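Everything numeric in this text was worked out from a predicted model, so none of it was measured.
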Protein chains: 2
Amino acid sequence: MTHRETPDIIVSRLPVYLRALSHMQAQGKQTTSSQELGQQVGISAAQIRKDLSQFGEFGKQGTGYDIGFLTGKLREILKVDRVWDVAVVGMGDMGHAIARYQGFTDRGFRVSMVFDSEKTKIGEKIGNFIVQDSREIVNAVRKAGIKVAMLCVPAPFAQQVANQLVEAGVRAILNYAPINLSVPNGVWVQYLDPSVGLQRMTYYL
Amino acid sequence: MTHRETPDIIVSRLPVYLRALSHMQAQGKQTTSSQELGQQVGISAAQIRKDLSQFGEFGKQGTGYDIGFLTGKLREILKVDRVWDVAVVGMGDMGHAIARYQGFTDRGFRVSMVFDSEKTKIGEKIGNFIVQDSREIVNAVRKAGIKVAMLCVPAPFAQQVANQLVEAGVRAILNYAPINLSVPNGVWVQYLDPSVGLQRMTYYL
DNA sequence: TAGATTGTTAATCGATTAACAATC
DNA sequence: TAGATTGTTAATCGATTAACAATC
């Protein structure tokens with residue numbers, strides 16, 4: 001029998017567990033339980049234990065989980081026990097905000113280059129970065145070995161920029177443009193479209 | 001037997017269908033099929049037909065779906081056949097970007113007031129809005145009857161601001177702060193944490 | 001008519017929950 | 001020891017897929 005792959009849906013919950021654990025840790029807590037963590041993130045205790053058991057035995061009967069230890073394990077599993085350099089394309093308001101965002105610290109990412117195609121923006125300083133010409137994406141991203149990118153260009157340009165990023169070796173794209181991207185196998189996309197988020201809630205109002 | 005509720009997971013896909021359909025429509029297409037739409041959004045044709053059948057019969061055998069008609073139906077179902085006024089709290093870089101974002105047009109939302117707690121920002125003009133004092137949230141939001149809000153404050157303030165929004169009558173919160181919110185039943189939250197999005201991909205790299 | 005595609009049923013597949021022995 | 005909580009199994013529940021009659 002071949003080894004069963006971890007379901008995507010489990011992987012997708014781990015970052016949420018990690019965020020909650022980091023929050024507990026910041027509050028000085030040492031240990032937690034599947035019950036407490038579940039309450040925090042709105043998931044049943046049984047499911048949390050089941051999810052974690054996919055990757056190993058991280059808890060102790062009677063006491064629960066050491067937060068520091070479990071945090072370390074989840075970071076390893078998610079491969080954010082390192083720092084990934086990230087390229088950001090599109091220096092409109094959203095790209096601008098991301099280039100200056102402080103929230104990636106300690107979560108595995110660091111913006112390392114930013115691009116735009118507008119002449120008036122190229123060469124400008126945003127956050128700690130000099131805006132580079134989008135025509136340099138393939139060369140610069142490939143040369144730096146960057147595997148992770150954030151896409152903040154207007155929808156009509158998103159697919160072509162995604163193509164360039166893929167050509168440059170990028171394998172994970174966080175897409176802020178409100179459009180579906182088509183990418184080859186082995187490249188992952190996550191969508192952060194605020195209208196989609198809002199529309200997922202209005203149904204219930 | 002009691003009426004079976006539509007599963008959340010189906011509801012969560014509808015905005016994605018809607019986005020793809022609008023895109024096709026903008027390209028001048030008149031009709032589509034479950035196959036074509038599925039390809040576009042990365043979901044099987046059978047699932048799209050099953051999802052839509054929860055709400056009615058919107059297609060024609062042999063021809064597929066009229067894009068304009070289906071778009072209209074999905075807008076009704078998701079209750080975005082109207083325009084929801086949205087309050088945005090937190091005028092840092094992210095809130096700033098959202099206040100000026102043009103992407104809500106025709107998708108059911110319109111930013112209608114913005115707040116910040118910093119003296120230096122209150123009264124400032126951002127986009128078309130004058131920044132209001134966060135202490136006015138409960139009064140102003142309730143008075144305007146606003147039900148939808150976007151939360152762009154730093155994580156340590158997110159829960160308390162969420163509480164105020166709920167008190168003001170808000171029932172849907174799009175949360176950009178990297179923290180889990182606790183809200184009463186009948187209030188919905190969607191999370192847009194870029195680090196979570198990125199961490200959901202690095203596992204596979 | 002022939003070809004295409006829907007809506008729906010039944011079968012399959014996968015995810016969640018409940019329960020509990022093990023044990024800290 | 002008594003209480004708490006894990007990791008895991010089996011049972012339940014729910015979602016996806018395959019297949020096809022209906023029909024445009």
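- Listed for the A:T202 side chain is a donor-acceptor partner under 3.5 Å among the backbone atoms of B:L78.
- No side-chain donor-acceptor contact under 3.5 Å links A:K121 to the backbone of A:V131.
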Atom pairs and distances, donor-acceptor, side-chain atoms in residues 37-44 of chain B, under 3.5 Å, two or more places apart:
residue: B:S44; atom: OG; partner: B:Q47; partner atom: N; Å: 3.1

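- Atom CD1 of B:I9 and atom P of C:dG14 are 14 Å apart (whole Å).
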Under 3.5 Å between N/O atoms: give me all the protein pairs with nucleotides 18-20 of chain C, atom names plus distance.
residue: C:dA19; atom: N6; partner: A:R49; partner atom: NH2; Å: 3.3

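- Atom-to-atom, CD1 of B:I48 to P of C:dT6 comes out at 9 Å; the value is rounded to the nearest Å.
- OP1 or OP2 of C:dT17 has at least one side-chain nitrogen or oxygen of A:S44 nearer than 4.0 Å.
- Under the ring pair (Phe, Tyr, Trp, His ring centres under 6.0 Å) criterion, no residue pair touches residues 10-65 of chain B, with sequence neighbours excluded.
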Using the side-chain contact (heavy atoms from CB on, under 4.5 Å) rule, take A:M201 and A:Y203 through it: C-alpha gap first, then chi angles, then the decisive distance, then the call. CA-CA 5 Å; A:M201 299 188 283; A:Y203 173 84; over 6 Å; no
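- Here C:dG14 presents its C1' atom at 12 Å from CD of A:Q47, a figure rounded to the nearest Å.
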Taking only distance into account, with no hydrogens and no angle test, what donor-acceptor pairs under 3.5 Å do side-chain atoms of residues 192-200 of chain A form with protein atoms, sequence neighbours excluded?
residue: A:D193; atom: OD1; partner: A:S195; partner atom: N; Å: 3.0
residue: A:D193; atom: OD1; partner: B:R107; partner atom: NH1; Å: 3.3
residue: A:D193; atom: OD2; partner: B:R19; partner atom: NH1; Å: 3.0
residue: A:D193; atom: OD2; partner: B:R107; partner atom: NH1; Å: 3.1
residue: A:D193; atom: OD2; partner: B:R107; partner atom: NH2; Å: 3.0
residue: A:Q199; atom: NE2; partner: B:R107; partner atom: O; Å: 2.9
residue: A:R200; atom: NE; partner: B:S12; partner atom: O; Å: 2.8
residue: A:R200; atom: NH2; partner: B:S12; partner atom: O; Å: 3.1

Run the side-chain donor-acceptor check on residues 139-156 of chain B: report pairs under 3.5 Å with partners two or more places apart or on a different chain.
residue: B:R142; atom: NH2; partner: B:E167; partner atom: O; Å: 2.7
residue: B:K147; atom: NZ; partner: B:G169; partner atom: O; Å: 3.4

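- Within residues 59-71 of chain A, the residues approaching DNA chain D are A:G59, A:K60, A:Q61, A:G62, A:T63, A:G64, A:Y65, by heavy-atom distance under 4.0 Å.
- Residue pairs satisfying the side chain to side chain donor-acceptor pair (under 3.5 Å) criterion with at least one member in residues 153-165 of chain A, sequence neighbours excluded, are listed as follows: A:Q159-A:N163.
- Each of B:E57 and A:D8 lies near DNA chain C, and the nucleotide nearest B:E57 is the one positioned closer to the 5' end.
- Each salt bridge (charged side-chain N to carboxylate O under 4.0 Å, His left out) pair with one or both residues in residues 89-98 of chain B, not counting sequence neighbours, appears once here: A:R100-B:D93.
- Counting all heavy atoms, side chain and backbone alike, B:N175 lies closest to B:A177 at OD1-N, 2.9 Å.
- Nucleotide D:dT23 holds its P atom 19 Å from the CZ atom of B:F58, rounded to whole Å.
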DNA chain D in dot-bracket form (Watson-Crick or G-U pairs under 3.5 Å, [ ] crossing, | inter-strand) is ..||||||||||||||||||||||
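- Contacts of residues 24-41 of chain B with DNA chain C (heavy atom under 4.0 Å): B:S33, B:S34.
- Atom NZ of A:K73 is separated from atom P of D:dT6 by 17 Å (rounded to the nearest Å).
- The main-chain N or O of B:V86 is never found under 3.5 Å from a side-chain atom of B:R110 such that the two would form a donor-acceptor pair.
- As rounded to whole Å, 17 Å separates atom P of C:dT6 from atom CZ of B:F55.
- Every pair passing ring pair (Phe, Tyr, Trp, His ring centres under 6.0 Å) that includes a residue from residues 162-200 of chain A is listed here, sequence neighbours excluded: A:W188-B:Y204.
- Rounded to whole Å, the distance from CD1 on B:I10 to P on D:dT16 is 7 Å.
- Between the side chain of B:S112 and the backbone N or O of B:D85, no donor-acceptor pair lies under 3.5 Å.
- Each salt bridge (charged side-chain N to carboxylate O under 4.0 Å, His left out) pair with one or both residues in residues 49-74 of chain A, not counting sequence neighbours, appears once here: A:R13-A:D51.
- Distance B:L52 CG to D:dT16 P: 13 Å, rounded to the nearest Å.
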